[in-house]
Amino acid sequence: MVSTGSAAPIGRADLLAHARERLAGGGSVVVCGPAGIGKSTILDALAAGETEALVLRAAAAEAEADLPYLALVDLFDGAPDAAEHLPPHLRAALDGALLRSALPATPHDQLAVRLAVLELFRGLAANRPVLLVLDDVQWIDEPSAGVLRFVARRLGDVPVRVLAAERLPDGGAPTRLDLCPPPSITLPVPPLPQSDIADLLRARYGPEAGRAHVQRIYDASAGNPLYAVELGRTLGNAPYPATDPLLVPERLRELLAARLATLPAEDWPVLLTVAAAARPSLALLERCGLAEANLEAAVAAGVLQVEPDGAIRFSHPLLREMVYADATVAARRETHERLAETVSDPVDRARHLAAARPEPDEALAECLADAASAARLRGAPAMAADLAALAAERTPRDTPGVAAVRRLSAAQYAYAAGSPVDARRHAAAALRDAADRRTRVGARLLLVEMSGEDHSNSGPLLDAAFVEAVETPDLLAHVRLYKAVKAYYDGDGEAALAELKRAEEAAELCGDMERLVEVLSWRGNILLGTEGDEYLERAGKLARGLSLTPATVAARQVAAMSRLFKGETAEAVRRIEALRIAVERAGTVRDLATVLVSVAGIYWRAGRCADALAAGRDCVRLYVDVETTPGPGYLVAALAESGGGTATAAAGFAERGLVACLAAGDEDWIKLAYATSGLVHVLRGDPVAAAEAMREAYALDQRLGRLDPGILPWHADFIEALVGAGARAEAAEVLDEVEKHARHLDRRVVFLGLARARAVLTAATGEAREGAETLHRAIEEWQDHPYPLEVARAYYTLGGLERRAHRRGAARAALSEAVRRYALAEAHPWREVASADLARLDGGRGAGLSETERRIVELVRGGATNREIARALFLSIKAVEANLTRLYRRLNVRNRSQLARFLDPE
């Protein structure tokens with residue numbers, strides 16, 4: 001909700017000044033301290049003094065901590081509606097979480113909610129800074145807290161600050177700093193000195209309070225302003241016997257209890273209802289059959305406050321807690337029963353029923369299980385896990401098998417929420433108590449899935465699951481799929497394929513189409529060439545008739561890529577664009593991130609570099625935002641930048657991608673990371689660094705036994721880099737090996753690139769004209785190549801070979817054609833490289849240098865050392881030294897001083 005403001009508090013000038021200074025500098029502030037110390041008052045004062053920022057507020061309460069996204073509801077209640085700027089799938093997820101729409105029929109992606117809020121803040125902050133005021137953050141519901149943590153880590157330079165208050169015991173450390181975008185500071189709120197307590201009491205109760213009276217209250221309150229105010233309210237200005245003790249904080253409770261005791265007995269049902277309700281209001285009391293008149297005494301006594309919109313709150317959370325704790329068990333249960341009959345939200349209703357009925361009851365357990373499902377549909381899997389666990393606890397003890405089913409649901413929800421410890425605990429309990437094989441198999445497979453890529457201990461679980469699933473085809477298909485995955489990660493491809501074949505038979509037998517799609521996709525990915533493509537095509541065709549799930553999305557995606565590898569670029573574009581639209585409408589954010597990998601790659605090979613760049617930038621942003629391994633996103637961005645962006649940006653993404661993939665340990669992506677890094681080094685004119693990186697990729701190709709040159713066209717560049725680095729014999733060996741695999745797998749799309757590499761190798765032996773003529777014939781044969789950039793690259797290489805053959809006219813024609821084709825594809829970095837070579841051919845001073853070489857010369861002119869150059873350009877020192885040696889030889893200079901003058905005008 002939008003803040004309205006309050007008066008400045010007494011005695012907090014220095015703290016307020018410090019907080020304002022930090023907020024003005026773009027930082028976040030967390031004020032913390034025990035109950036009653038004045039944190040909320042400080043927040044009110046700071047929010048009221050904010051004149052430029054949009055102030056959004058949320059005040060949490062302990063009773064509301066179980067309701068998903070309630071803090072977000074408060075924050076966006078009354079805020080400008082920037083949601084119109086959100087894509088439909090993000091807007092739908094946010095509306096569902098904030099209860100602005102009907103309960104969805106399918107689960108909204110939790111990540112979609114997080115990204116929607118992130119984009120919403122970005123949109124709001126585009127107009128003016130945003131200040132989030134979060135009171136009592138220790139009670140913010142966990143789904144809201146998860147969103148705020150997610151957003152805090154990703155806002156970067158977006159002008160969104162957080163001003164928060166956290167209740168802590170004396171000496172306690174804050175626990176919710178992660179809700180604040182960095183940089184943030186913690187400001188403990190100290191007790192007020194006696195002089196300020198005196199001012200506070202006299203401001204509230206008049207000037208009659210004497211020094212001794214103030215001293216007594218100050219001593220009892222220990223400088224806590226709430227305690228002092230409450231003591232002053234009870235004691236008034238009458239003398240208080242010095243012999244009567246005032247204990248702190250026990251005496252405070254007695255005083256508050258005495259204050260509450262003055263309220264009429266007929267008002268207590270209303271007080272307890274307000275204390276028990278998640279969002280108490282006048283309308284709620286009316287629906288409960290309680291009279292508004294029963295609030296008057298509590299409002300007059302300062303126990304309750306009624307907001308203009310009808311919302312009701314206790315003047316301090318301590319009062320709410322006391323009212324609830326002091327009620328009898330019977331009264332609390334009766335109140336929760338009444339609220340359960342009144343509220344319409346299924347999650348809220350289930351929470352009240354659980355509080356009202358602690359005994360096992362199947363109807364209640366079923367209600368809790370339904371509420372868990374509703375919470376999951378809202379994108380709150382953590383809340384769903386808690387409700388499902390409650391459903392298991394409320395299940396009658398004579399039906400442990402039913403409880404086990406609900407435990408498995410709790411485990412699945414917890415795993416989706418990113419709580420593997422809870423998921424394992426619930427899955428283990430389900431496995432222990434399950435009465436049916438389906439639950440036991442499901443629990444075992446979930447435990448296997450949670451092992452990630454470490455399948456070293458999953459064998460016994462899979463063996464036990466197999467024994468129980470052997471007579472149930474759908475379970476058997478699932479278990480065999482997992483056994484195949486284990487075999488694949490163990491390096492036994494033959495066993496993996498055998499298990500997949502059996503899994504396929506089982507899935508077909510029971511008609512489990514989604515499992516069949518998943519199995520076929522795995523077979524297609526393991527097999528190479530035409531046979532693998534056939535399985536991928538079959539999986540993709542089946543998936544198009546099924547609802548969107550991670551398995552069906554992946555099947556359609558790889559089917560589109562298989563078309564690309566065959567050279568059917570237009571069909572690949574059609575398929576991937578249709579899939580992207582479908583996922584944006586009804587899929588998950590994680591699905592969209594993975595689909596964008598292929599969108600960018602297909603556009604890149606289709607010669608649509610601007611479109612590839614846009615998709616690549618969206619992809620890397622999603623990969624970073626969704627808290628998954630960001631390596632693939634970085635690599636896609638690197639390739640997209642190398643095509644349509646800048647070489648410098650491509651180098652930065654390639655470096656980050658390699659680091660991320662190495663950290664993740666996925667060898668398939670590590671191979672692609674080294675290959676991508678090499679491609680970027682080729683663009684920057686550094687064959688030595690390119691060869692070093694691509695050697696690592698090629699070694700993984702050989703070791704994994706999955707050399708498919710059509711997946712990413714980098715092998716021709718590897719061969720050229722080896723030639724440029726002086727490793728001609730190695731280049732010839734690699735060329736022969738890659739050509740053999742390309743012909744065996746019928747990857748015709750790489751033939752032009754390999755012809756280019758062979759021409760370069762031929763020219764390196766002193767036969768420049770023969771190499772040029774060979775490449776010219778290959779270009780004529782492949783004029784209609786499905787990858788436009790391959791033809792442009794061939795013309796660029798031909799220009800270099802013709803120049804070495806001393807045929808300047810032919811070189812100029814080839815380079816001009818390369819520039820034209822790169823321009824048509826909007827491949828700006830390569831167009832600049834080709835243009836520079838063309839200018840150098842025509843005699844331009846300094847022309848013909850690659851971007852890397854030009855940057856090295858500029859850094860040398862600035863006095864940079866080799867180490868500093870390496871750090872600035874993401875190169876090894878060895879690569880810098882190799883570049884300098886080549887520059888000395890090529891430019892006929894003998895030292896750094898002469899090289900530094902090379903770019904000077906003549």
Side-chain angles (χ1 to χ4, degrees), residues 5-25 27-50 57 59-60 131 133-139 161-180 183-205 209 211-233 235 246-253 255-256 315-319 321:
S6 66
I10 292 172
R12 302 300 189 190
D14 290 343
L15 191 149
L16 289 172
H18 192 177
R20 287 193 182 103
E21 180 181 359
R22 176 52 63 108
L23 292 171
S28 296
V29 174
V30 179
V31 296
C32 58
I37 201 66
K39 304 179 297 296
S40 299
T41 306
I42 291 168
L43 261 58
D44 288 342
L46 290 169
E50 186 62 57
R57 297 200 62 156
L131 177 65
V133 181
L134 309 176
D135 204 357
D136 283 323
V137 293
Q138 74 278 357
W139 288 326
R161 297 158 293 157
V162 168
L163 172 62
E166 181 173 1
R167 178 188 291 192
L168 298 174
D170 290 334
T175 62
R176 292 278 176 121
L177 292 177
D178 53 356
L179 304 186
C180 302
S184 63
I185 60 168
T186 301
L187 297 180
V189 182
L192 290 175
Q194 182 176 336
S195 58
D196 289 332
I197 290 292
D199 290 342
L200 178 62
L201 292 172
R202 288 165 182 155
R204 291 290 187 99
Y205 307 120
R211 181 180 297 273
H213 193 71
V214 170
Q215 179 68 51
R216 199 61 201 278
I217 292 176
Y218 173 76
D219 291 340
S221 68
N224 184 299
L226 175 67
Y227 290 7
V229 167
E230 295 303 323
L231 285 168
R233 186 192 304 277
L235 297 177
L246 291 176
L247 300 178
V248 179
E250 288 81 1
R251 285 294 292 173
L252 176 63
R253 190 183 187 285
L255 291 171
L256 289 175
S315 57
H316 191 276
L318 287 176
L319 292 167
E321 293 171 3

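All residue numbers refer to positions in the sequence shown, counting from 1.
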Heavy-atom closest contact (Leu192 atom, Gly11 atom, distance): CD2-O, 3.8 Å

Atom pair CD1/CG of Ile10 and Asp199 - distance to nearest 0.5 Å: 5.5 Å

Atom pair CD1/CG of Ile185 and Leu23 - distance to nearest 0.5 Å: 8.0 Å

Asp136-Gln138 side chain donor-acceptor pair, cut-off 3.5 Å: yes

Lys/Arg-Asp/Glu bridge criterion (N-O < 4.0 Å) met for Arg57, Asp44: yes

Side-chain heavy atoms of Val30 within contact of Leu177, under 4.5 Å: yes

Check against side-chain contact (heavy atoms from CB on, under 4.5 Å), Leu16 and Leu46: CA-CA 7 Å; Leu16 289 172; Leu46 290 169; 3.7 Å; yes

Spacing of Glu166 atom CD and Leu179 atom CG [to the nearest 0.5 Å]: 8.5 Å

Distance (rounded to the nearest 0.5 Å) between Cys180 SG and Leu134 CG: 7.0 Å

Arg161 with Glu50: basic N within carboxylate O range, under 4.0 Å: yes

Ser28 (side chain) donor-acceptor with Ser184 (main chain) under 3.5 angstrom: no

Backbone of Pro34 reached by a side-chain donor or acceptor of Lys39 within 3.5 Å: yes

Separation of Arg176 CZ from Trp139 CH2 (nearest 0.5 Å): 12.0 Å

Any residue meeting side chain to side chain donor-acceptor pair (under 3.5 Å) with Thr186, in chain and number order, not counting sequence neighbours: none

For the student: nearest non-hydrogen atoms of Pro9 and Thr41, plus distance: CB-CG2, 3.5 Å

Which atom of Gly36 lies closest to which atom of Asn224, heavy atoms considered: O-OD1, 2.6 Å

Leu163 side, atom CG; Arg20 side, atom CZ - distance, nearest 0.5 Å: 10.5 Å

Close side-chain approach of Pro191 and Ile197, heavy atoms under 4.5 Å: no

Where Leu168 and Cys32 come nearest, the two heavy atoms and their spacing: CD1-CB, 3.5 Å

Nearest heavy-atom neighbours spanning Ala165 and Asp135: CB-OD1, 3.4 Å

Atom of Arg12, atom of Ile37 and distance for their closest heavy-atom approach: NH2-O, 2.9 Å

